[in-house]
Amino acid sequence: MNTSELPRIWRLRLRENHIFLALTILIGVLAGLAAVLFTLAINGTTYLLFGISPSYLRYILVPTLMSLVTGFLLTKFFPEARGSGVPQTEAAYHLQQGEIPARVAFGKFLTGVLCIGSGHSMGREGPSVQIGAGLASSIGRWFPLSPARAQSLIPVAAAAALSAAFNTPVAAVLFALEEIIGDLNAALLGSTVVASVASVIVERSILGSSPIFHVPEYHLVDPAELIAYVALGIVGGLVSLAFCKGLLHARALFLRMPVRSKMFQPAIGGLIIGVLLIFFPQVMGVGYQYVNQALNNGLLLRTMLVLCFAKLVATIVSYASGNAGGIFAPSLYLGAMAGGTIGVLMHRFAPFPTGDPGAYALVGMGTLFAGIIRAPMTSVFMIFELTQDYQVLVPLMIANMISFLISTRYQPVPLYHALLQQEHVHLPTPSVRIPAGTWRASDLMLRDFAFISPQISIEQAAEIAPSGDASCFLVGDKGVYSGLVMRDHIEKALVSGAGKDPITTIVTTDHAHVHPDHSIELVLDRLAKSPGLLPVVSRNQVNRVEGVITPQALIQFVQRNLQGQNTDSHSSGGMGK
Amino acid sequence: VHEAGTYRILNGEILLLIALAVGGIGVFLFTRSMAAREQRMEARIAAIWYKEGQRQLDSGEVDSAVDSFRKATTNAPGNRSYTLALANALARDNHDAEAQQILLRLRESDPENAEFNLYLARLVAKRGEIPDAVRYYQNALYGRWTGSQVDEWKRQVRTELIAYLLAHHEHNMALSELLMLESDLPESAAAHGQVAQLFLQAGDVHHALKHYLVAAQLDPTDVRALRGAGEAAFELGDYAKANQYLEAALELDPNSETTRKLLSVTGMVLTYDPLAPHLTKEERQRRLLLNFGQSQQRLESCLSQMSNNQRNAELRSLKDEALAMEPKLHSRQLPDSELARSAVELIYQIEKAASVACGEPEGLDQALLLIGVKHGGGQ
């Protein structure tokens, strides 16, 4: 059949670029709609479950019973839907080529609505990001896009979802670049902007253009007031740190509980939240109305101080117990309360004129966001977008940077990444990302390796240990390793008569590893510190070994690949393919 | 054939995109209907909280009312009445800063709204920020009003502004507002009476008298108007008219002690004024002697209470002057008008000095002071 015989419309040809652009807009709209629906569903569920004026009994029963339901759903059907959704989206983008099953998006929607709607102190922005990204991933798979293009739809959807959920399109774009991609110079800037704009148009046409926060006019009353913002930055950094450390410890505590209890852990959180709600109903759900009050000088010093503490505890409990919901909104809430508190204190005791406490609450929101979420540029633009006032920029940047530095100094791994690490997922940091065409650990690792079973004794291990020069061996089973064992440790144990002891008694877990995408420079550095065997582990599951690197493997690799390369490339220190 | 196959696949993508777009429109419509439904539900809940807030406010539970109004505004953030009610409750609960933020925001959304400006004016006035308060009151007066009784509202607001200005001793501004108010007064005794009262407070007694008289004319049984007219005439030194109005007022309200006292003083001024027109020389001398005697008594009594040397010296000097004047008054030759004026001036000086040294005069002494003022005492 000749193509010229086809009607004109049937001859229309779409290139990948065209499809991608159309999908960007479509995903922007759909992610925005999903975020709006998510917000509406949470509000509706809250009214349905709590009514207008809930009793104490209801405060306790609703979160507890609903958390039993969500615990069941999260354990049996949607285990990927626990938590915020932002780190999971990052993991999907960096480690799974942007693949998020549709089931995850649906599960996140359902469990997020039930968790936040039943009073858990969590935010809707993180789940919206995951829902949007899940939709984008599913839709992207219906089209013949290259893997890189399909992967690119994730940050596009994240920007769109956040834009609709928080109503700040510019900050949403920056968040997608800074947090999801981890690179502000990303080539996806244009697509994220298009999606964010499409999404916010949809959101405003449904919910109206009324802003989430009624932000007071900002004034820097006196240049000396910048000192007060330094104090706010320090306090913000400390509160951020308390939140991050508290959340990670609490989450680790829940993760250490028996696996059987996993289904009931959200209900434990629900019960604690229920009790908290009796005394502090203000910490329920997203809580933006109280942020508004703090912004407009509507809360007393004591109230803000108490709410800051109560929200911190409530969010840690809700999140750590394995519910579905984000920390984006709670970080803003904490910031408003901490900032408002500092504002009132400065207003009363500072020896220089100061602005209203509401101004400090506003800057405090950005400060805690920078300290907890670790997206300082997003936080600056977010507050700037809320105020639309240049005057706020200098105090905001001062407070944000101080908070960010304190938080980074004492909690080097960002919270989202640390939470993933607790689930044995290691995200690549910007510093380990290496340009395409550069040698990686995966290029030189040996894929053929053997494990010593952890069930055998030292004597048995000595018998089956591979002979040769190897000084240490992997101990593990079915690709999942539990540590390394040294040849000289085995020998010493045999000499000392401990040959019948299980091998696990001499296994060491304190050793370096690399991921397949690590550079050769890093491999060399870690191999030098290793006992002669460097496991290459998956980023998705750090106890799964994908290969090993030994000095011999390295020498073979060098012999195989670097011979014949010109002197210039060696002298430049490059490790290019 | 291969190319055609490719086109079919590509066309499938177009169809898929179209299907997604159509699906998106469907989801959009569904979401919009959901949002509208939720907004209706929230509006109902907001109305419940608003009603509850009003009840609590009426029964004096301002704290609870603030909470209720907060919930109402959270559920219906766009409802200005609820927001205004919240601002009002916050102001009553002394959360002025937050109330002001809310009102400023409302005003920002509608700068010409008279109600928003009025609430802001009241709040700022409460905080003693006079220029801002006046600005917001003016904005309210020249803003956009809704409802059927706009003129009446405006009059009330202007009256409120005038009362505020008077309370803060901004008499000139108050007077200019009063002049605008009087140009737009309804034909009612109450309105004229109120304006007259404000004129009186602002120190414009002429206008005060005018409006009291209009009020009394519109309602001859308006005792306050008559008494006000009497007071205004009294202030102006027109004791004959004051006497007339005060008598009329006392006739309508015989139990008013204030009116009775003022009438008594007025009567004495009229009865003992030695410079009143159409008096015989004998009568003038009689009055002069009586007044002179009374002033000397007041002087002696005051001297006996005095310890302050400086005041004492002033009073003694006046006593010396009085002693020098006394023989001339008692002379068989009736006093000429020059002597009479000198005597009235001396009596005025004595009464004034005594009132400064020994407290406000009463009865005849007060009347003598007023007679002195009436005839240019001290000038």
Side-chain angles (χ1 to χ4, degrees), chain A residues 1-3 5-6 9-15 18-19 22-23 25-30 32-37 39-41 43-44 47 51-53 139 142-145 202-203 205-208 210-212 214-217 288-290 292-293 295-300 347 356-358, chain B residues 1-14 16-21 23-39 41-42 44-46 48-49 52 66 68 70-71 73-75 77-78 83 86 90 95-102 104-106 108-109:
Chain A
M1 183 181 174
N2 192 334
T3 54
E5 290 169 13
L6 291 164
I9 184 73
W10 289 95
R11 280 185 279 134
L12 196 62
R13 187 179 189 132
L14 284 182
R15 291 187 190 142
H18 299 145
I19 296 174
L23 276 181
I25 298 168
L26 260 174
I27 283 170
V29 170
L30 292 175
L33 285 171
V36 173
L37 263 177
T39 304
L40 293 173
N43 292 346
Y47 288 126
I52 294 176
S53 188
I139 292 171
W142 297 342
F143 292 86
L145 295 174
V202 165
E203 186 261 343
S205 65
I206 294 172
L207 298 180
S210 177
I212 291 182
H214 295 296
V215 178
E217 207 175 317
Y288 280 154
Q289 64 269 41
Y290 301 102
N292 251 326
Q293 277 187 48
L295 288 175
N296 290 284
N297 308 316
L299 294 176
L300 300 173
H347 210 61
D356 279 339
Chain B
V1 174
H2 172 73
E3 272 192 13
T6 310
Y7 281 122
R8 276 197 201 96
I9 292 164
L10 294 174
N11 289 333
E13 288 151 18
I14 295 172
L16 192 53
L17 281 172
I18 292 168
L20 276 172
I25 293 169
V27 178
F28 175 81
L29 294 174
F30 171 73
T31 311
R32 230 163 78 139
S33 75
M34 286 288 288
R37 204 176 133 186
E38 190 161 300
Q39 272 170 3
M41 181 185 74
E42 293 203 331
R44 277 200 302 275
I45 294 169
I48 293 169
W49 282 119
E52 178 67 6
V66 166
S68 299
R70 271 195 208 288
K71 286 171 183 162
T73 51
T74 306
N75 283 294
T83 314
L86 171 62
L90 283 166
H95 290 110
D96 291 354
E98 192 188 359
Q100 192 169 352
Q101 296 282 9
I102 293 172
L104 282 172
R105 209 167 50 238
L106 281 173
E108 203 177 312
S109 67

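Below, read A as the first sequence line, B as the second, and so on, with proteins coming before strands; counting in each chain starts at 1.
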> Name the region of L104(B), side chain, backbone, both or neither, that has any atom closer than 4.5 Å to a heavy atom of chain A.
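Neither; nothing under 4.5 Å.
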
> Holding to side-chain hydrogen bond (donor to acceptor under 3.5 Å, both in side chains), I want the full list of residues that pass it with N75(B), two or more places apart in sequence or in another chain.
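side-chain hydrogen bond (donor to acceptor under 3.5 Å, both in side chains) check on N75(B) returns Y47(A).
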
> In Å, rounded to the nearest 0.5 Å, how long is the span from NE2 of H214(A) to CG of L106(B)?
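Interatomic distance, H214(A) NE2 to L106(B) CG, rounded to 0.5 Å: 9.0 Å.
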
> Could you check whether any side-chain heavy atom of L16(B) comes within less than 4.5 Å of a side-chain heavy atom of F143(A), counting everything from C-beta outward?
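Yes, at least one pair of side-chain atoms sits under 4.5 Å.
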
> Identify which part of L207(A) has an atom lying under 4.5 Å from any heavy atom of chain B, answering side chain, backbone, both or neither.
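Contact with chain B is through both the backbone and side chain of L207(A).
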
> Rounded to the nearest 0.5 Å, what separates atom CE in M34(B) from atom CD1 in I206(A)?
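Nearest 0.5 Å value for the CE-CD1 distance: 11.0 Å.
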
> Let me know if R32(B) has heavy atoms under 4.5 Å from chain A in its side chain, its backbone, both or neither.
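Contact with chain A is through both the backbone and side chain of R32(B).
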
> Sort out for me which of T39(A), N43(A), L30(A), L300(A) touches chain B most, counting heavy-atom pairs under 4.5 Å.
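The answer is N43(A).
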
> Can you tell me how far CD1 of I139(A) sits from CG of L20(B), rounded to the nearest 0.5 angstrom?
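Rounded to the nearest 0.5 Å, the CG-CD1 separation comes to 5.0 Å.
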
> For Q100(B), which atoms come within 4.5 Å of any heavy atom of chain A: side chain, backbone, both, or neither?
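Looking at Q100(B), nothing touches chain A.
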
> Taking side chain as everything from C-beta outward and backbone as N, CA, C, O, which of these in E108(B) sits under 4.5 Å from a heavy atom of chain A? Side chain, backbone, both or neither.
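Neither; nothing under 4.5 Å.
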
> Just so I know, are the side chains of L33(A) and F30(B) near enough to count as touching, which here means a heavy-atom distance under 4.5 Å?
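L33(A) does not reach F30(B) side chain to side chain.
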
> Which atom names give the shortest non-hydrogen contact between E38(B) and L40(A), and what distance separates them?
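Shortest heavy-atom separation between E38(B) and L40(A) comes out as OE1-O, 2.7 Å.
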
> So which part of L37(A) gets closer than 4.5 Å to some heavy atom of chain B, the side chain, the backbone, both or neither?
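Both parts, heavy atoms under 4.5 Å.
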
> So what's closer than 4.5 Å to chain A heavy atoms on T74(B): side chain, backbone, both or neither?
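When you check distances to chain A, only side chain atoms of T74(B) fall under 4.5 Å.
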
> Name all residues meeting the salt bridge (charged side-chain N to carboxylate O under 4.0 Å, His left out) criterion together with E98(B); count only those two or more places apart in sequence or in a different chain, and write none if there are none.
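In terms of salt bridge (charged side-chain N to carboxylate O under 4.0 Å, His left out), with neighbours along the sequence ignored, E98(B) is linked to R70(B).
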
> Heavy-atom distances under 4.5 Å only: say whether D356(A) touches chain B with side chain, backbone, both or neither.
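Only the side chain of D356(A) comes within 4.5 Å of chain B.
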
> Which bit of I25(A) comes within less than 4.5 Å of chain B, counting heavy atoms only: side chain, backbone, both or neither?
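For I25(A), neither part sits under 4.5 Å from chain B.
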
> Given a strict heavy-atom distance threshold of 4.5 Å, which part of V202(A) is in contact with chain B: side chain, backbone, both, or neither?
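When you check distances to chain B, atoms from both the backbone and side chain of V202(A) fall under 4.5 Å.
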
